[in-house]
2 protein chains.
Amino acid sequence: MPKTPEPDRTTIQDVARRAGVSVMTVSRSMRGVEGVSEMTRQRILSLAQDMNYVPSSSARALAATNANLIGISFPTLFNDVFPDILEGMRRIFDQAGYSSVMDTTDYDPARELSWAERFLAWRPAAVILTGVDHDPELRARLIRGRIPTLEIWDVTDDPIDLCVGIDHYREGLALGRRIAEMGYRAPVYVGAPPGMDHRADMRAEGVSDAFRAVGARELVRRGGLGGNSFVVGAEGFGQIDLADAPDVVFFLTDNMAFGGMMAAQRAGLRVPEDIGIVGFNGLDLTTVLPRPLTTMASPRRQIGQVGARHLLARLNGVSSPRITCLPCEFVAGSTVRSQ
Amino acid sequence: MPKTPEPDRTTIQDVARRAGVSVMTVSRSMRGVEGVSEMTRQRILSLAQDMNYVPSSSARALAATNANLIGISFPTLFNDVFPDILEGMRRIFDQAGYSSVMDTTDYDPARELSWAERFLAWRPAAVILTGVDHDPELRARLIRGRIPTLEIWDVTDDPIDLCVGIDHYREGLALGRRIAEMGYRAPVYVGAPPGMDHRADMRAEGVSDAFRAVGARELVRRGGLGGNSFVVGAEGFGQIDLADAPDVVFFLTDNMAFGGMMAAQRAGLRVPEDIGIVGFNGLDLTTVLPRPLTTMASPRRQIGQVGARHLLARLNGVSSPRITCLPCEFVAGSTVRSQ
DNA sequence: TTGTAGGCGTTATCAG
DNA sequence: CTGATAACGCCTACAA
């Protein structure tokens, strides 16, 4: 198979030759480092422009033994939570001169590991992972290699390095208590199947404990994983045994809650008269619904921003808190009855 | 500011020394290239493993004068269209041994340009852009540098290199005709403001022409850009002058259509009795709605897959069609009245 | 302010 | 099947 002929890239040598200076002068000019007279710099810069000279990042990274690269791993993008966090971070990294690279793992620790392995070969400045549940091999590698690492969206007592997120158990508990206080006693939780998603498990456990504390019926868990979250929510609702007369359904996310609410209405149930619906995240979506969703607003953008700042500090040798836990905020909505 | 001490990475030299062979033998072993006895290879591989040796991608890219990197640029991720396309491509690139890198531009050609400039410094194998409307400087650079380039989601007679997408004008026309046939005569289009989004303009023009052909009222355009698409749709609907008695509203996307439909109902209008609602894309979301949305299903995953295959062929020197236009499919739904 | 020498970690090439 | 040598394009360190 004939390969496409590679175009000749102009190198720093070419520019230096044409400018009649040494390579170092060009290098210094391009990087904006001190040590070149303003006149020469301007001359070289415009010459470089004319010659379409683009410094090779690989060569730079190799020579400088460091790449200004930060890798970010998310489970999925089919969920406004992660684009929100991403947006909070990227701008900050950009301004600090770092390039960021993103990948999705589809909630598969093996994919996360294989992505990280390939990415680490670029000798990045740092790595950002979602959650605190990773392949042990990955954790070991990051610690062994002393790679600055930030875990987001979840917190743990024992992070790989830094972590910024919310305490999913505590927020689940808080949310559960609010709802239990309203008199609900037959709760269902629709999310990922137990053991699949650590955060789902934590949140469900919190909700469960809240209801257990008031002597309510044991929390029932339902639902699958993967695919469009609206659809997953609707399907998850379909798995509920209505003969058990549940009075409130918690969903893992607002999107799922919306899908579930649609399914409930299709099944002839009125919300909130016949059944309560509770989401999680407080996405903007909920504001356009005919009936604002009862949910828990997570500080997504803030997680991204705070995480990025802490990581940058860490990269500059400034110590920053290893563990940062941000609070959520209850959004009353009207998909549960007040009493 | 004291920098974090860099950990010592083990190099190919270290491994070679420990194995008592030359670096070339290690290099060959790691790459799985011919020229090493199976026994030596196994020995070296396991040794490398033990030593936590990870080949440096920068050095490899530098020496091989090529990085197996493909960059992908999307306007946003707050829209299931792009994650869908992405999913269609990434797997294919992975299997072909390419790493892909992604960025979002927020519909800003300047940001697209600056991303591309930084990315091109890595000497990637190819670049993928969304749409066919780019900063002229970017277009020039890609052509001049002979960078294999794929434009997706839109088609044009004169692509930078390759393009795979849909004909937004034609699909707008087809959709408009379907709706016009049902007897609607006072259409509104809610999307990006004219001039902001090339695809929105094309689609709106198609719809407009369809209605003009049947002597209907001139298409009215409304709506802003940016932010959560559900909210944008709802706000866009709010900008419509109901005194003009529009009978059908087209939205740029399904998400916006849903937001708009909610706003319509809040305004006391029944769908489809009082007003028709039409979306675009055929997202899974529409299947969970109480009333399935009338829309046009776009072949998103297919665009990703076909695009990836054509690009790979191109990289292997196999010629592939420069322009590939994929068809959409009308989804009747029930948010318009049949007559 | 500018230049020189050496090396970053890998692969291509050609010789054994 | 294996190894020596010379790039790859740039930056660090030191010298002028």
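Lettering of chains follows the sequences in order, A, B, ..., and the numbering in each one begins at 1.
Listed candidates were C/dT10, D/dC10, D/dA4. Nearest to the side chain of B/Ser22 is D/dA4.
For B/Ser37, a side-chain nitrogen or oxygen approaches OP1 or OP2 of D/dT2 to under 4.0 Å. An OP1 or OP2 oxygen of C/dG3 is reached within less than 4.0 angstrom by a side-chain nitrogen or oxygen of A/Thr25. OP1 and OP2 of D/dC10 both lie 4.0 Å or more from every side-chain N or O belonging to A/Arg60. Considering only side-chain N and O atoms, B/Ser27 lies under 4.0 angstrom from the phosphate OP1 or OP2 of C/dT11. In this model, the phosphate group of C/dA12 is approached by a side-chain N or O of B/Arg31 to a distance below 4.0 Å at OP1 or OP2.
Classified by interplanar angle (parallel below 30°, tilted 30° to 60°, perpendicular above 60°), the ring pair A/Phe93/A/Tyr98 is perpendicular. Between A/Trp122 and B/Trp122, the ring-plane angle classifies as perpendicular under the 30° and 60° cut-offs.
If you measure from atom CD of B/Gln13 to atom C1' of D/dA4, you get 12 Å, rounded to the nearest angstrom. The OH-C1' distance, from B/Tyr53 to C/dG9, rounds to 7 Å in whole Å. In this entry the distance linking CZ of B/Arg123 with P of D/dG9 reads 8 Å, nearest Å. One atom, CE of B/Met24, and another, C1' of D/dA6, lie 12 Å apart when rounded to the nearest Å. A/Ile12 has its CD1 atom 15 Å from the P atom of C/dT2, to the nearest Å. A/Asn68 has its CG atom 16 Å from the P atom of D/dC10, to the nearest Å. Distance A/Arg17 CZ to D/dC10 P: 12 Å, rounded to the nearest Å. Here the C1' atom of nucleotide C/dG9 and the CE atom of B/Met30 are 13 Å apart, to the nearest Å.
A/Arg118 and B/Asp94 are joined by a salt bridge, as a carboxylate oxygen and a charged side-chain nitrogen come within less than 4.0 angstrom of each other.
A/Thr40 is not listed as a side-chain neighbour of A/Ser29, based on a closest heavy-atom distance of 4.5 Å or more.
Using a 4.0 Å heavy-atom cutoff across all strands shown, A/Arg28 reaches at least one base atom of the nucleic acid. Backbone-only engagement by B/Val21 is indicated by non-hydrogen atom pairs under 4.0 Å involving sugar-phosphate atoms exclusively.
Here the CE-OG1 distance, from B/Met51 to B/Thr11, works out to 8.0 Å after rounding to the nearest 0.5 Å.
Both B/Thr40 and B/Leu62 lie close to DNA chain D; mapped to their nearest nucleotides by heavy-atom distance, the more 5′-ward contact belongs to B/Thr40.
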